[in-house]
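Just follow the structure's listing: the first ligand is 1, and inside any ligand the first atom is 1. FYI, side chains are in, hydrogens and waters are out, and symmetry mates aren't considered; it's all heavy atoms of this structure.
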Amino acid sequence: MQLQNAIKEFKTTLQVNNAYGYASMVLSIDGSTAAPVASVQHRAETMSFFAGLRHERLTAPETGELLAFLDEHKKELDELTAREVHLVKKNRDQMSKIPAQEYVAYVSLLSRADVSWKQAKAENEFSIFQSDLEQIISTNIKLAGYYDSSKKPYDALLNEYEKDLTTQTLDAFFAQLRQTIVPLVHQISEKPQLDDSFLHGCFPVHLQAALSQDAMDLIGIDKNRCTLTTTEHPFTGGFSRNDVRMTTHYYPEHLAYALYSTIHEGGHALYELGMAERLTGSPANGGASMAMHESQSRFYENIIGRSRPFMDLLLPLLRRHFPDVFASVDADMLYKAVNRSEPSLIRTEAD
Ligand SMILES: [Zn+2]
């Protein structure tokens with residue numbers, strides 16, 4: 001095989017992979033944001049179909065031969081192609097261990113579970129989601145065995161999110177945090193609580209949506225390349241530097257939730273918007289790792305978004321959309337209110 005021909009063939013494989021991935025992600029985002037509940041079955045079937053095609057193509061012997069050839073010549077490849085070969089090879093090695101039928105069934109399960117989870121939440125009825133959740137957990141334990149049977153299941157799964165991170169490292173990390181944070185929470189709860197009452201009340205969703213749009217402008221998001229919609233649980237998805245989708249969730253009685261979720265997701269979005277043009281369609285697009293991504297969102301949410309200087313920029317926006325509430329609130333009061341700290345069972349609300 002000629003190297004140039006192999007590279008050409010590999011780039012075509014990337015294009016096909018990207019097309020399946022792109023279509024699946026559009027379907028997934030549509031399912032979380034705009035699609036009606038009854039669409040779930042058809043969408044799950046379609047996503048499974050794409051997953052089957054992706055599995056088939058990736059695990060095909062000719063893909064294996066192509067990747068092995070390119071891997072042998074990796075020193076002759078440009079930096080991006082070498083990285084792409086590494087990523088696709090890793091993906092193929094992993095995918096080859098998962099039987100196609102199991103992989104397809106899992107993709108279908110995830111689409112259905114998204115709907116049962118939402119319904120269970122709306123009706124406050126865990127039994128609606130219980131069976132799907134049990135299947136997700138048992139499938140993941142199985143997947144962990146496929147990924148790396150020498151590791152504990154949690155470590156094998158953790159490696160998918162943050163390479164080489166282990167529960168041992170994390171346990172030590174959290175033990176150290178606990179030593180400082182638990183006494184701190186007790187100290188805070190013994191003191192008079194900061195006043196954040198003006199952030200609770202009645203805040204019409206359309207006004208909160210306008211505020212979120214202003215918050216996006218404030219942190220420098222280019223709306224030609226990024227949109228904001230609503231979903232049950234906020235997230236951000238990036239197709240490329242020119243197509244980033246943010247979501248948020250509005251609670252009419254709680255102003256800070258959507259505002260800070262927008263700023264948090266905005267941090268994720270800015271990271272995705274900063275991807276290089278040449279990474280469009282490449283498996284190397286999308287950031288260095290999960291922890292790197294979360295560092296960006298938390299930096300915007302907490303280090304910038306809850307800082308005293310930011311209050312001078314935020315307060316005029318709040319006064320624009322909720323003049324009655326914020327006429328008598330100054331920047332110092334706002335600074336204290338958004339930094340009020342209390343324990344919560346909801347992860348995104350917990351400090
Ligand atoms: Zn995040």
Which N, O or S atoms belonging to the protein are less than 2.8 Å from the Zn ion (ligand 1)?
-> His264 NE2, His268 NE2, Glu294 OE1, Glu294 OE2

Side chain to side chain donor-acceptor pair (under 3.5 Å) against Arg245, all qualifying residues, sequence neighbours excluded | Asp243

Trace of the side chain to side chain donor-acceptor pair (under 3.5 Å) decision for Asn242 with Glu277 = CA-CA 8 Å; Asn242 291 317; Glu277 191 82 59; 3.1 Å; yes

Is atom NZ of Lys142 surrounded by more than 12 heavy atoms (other residues, nucleotides or ligands) closer than 6.0 Å?
->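 Open.
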
Phe198 atom CZ, neighbour heavy-atom count above 12 within 6.0 Å | yes

May I ask you to check whether His73 and Phe69 place their ring centres under 6.0 Å from each other?
-> yes

Stacked cation flag Arg54 on Phe49, 6.0 angstrom / 45 deg = no

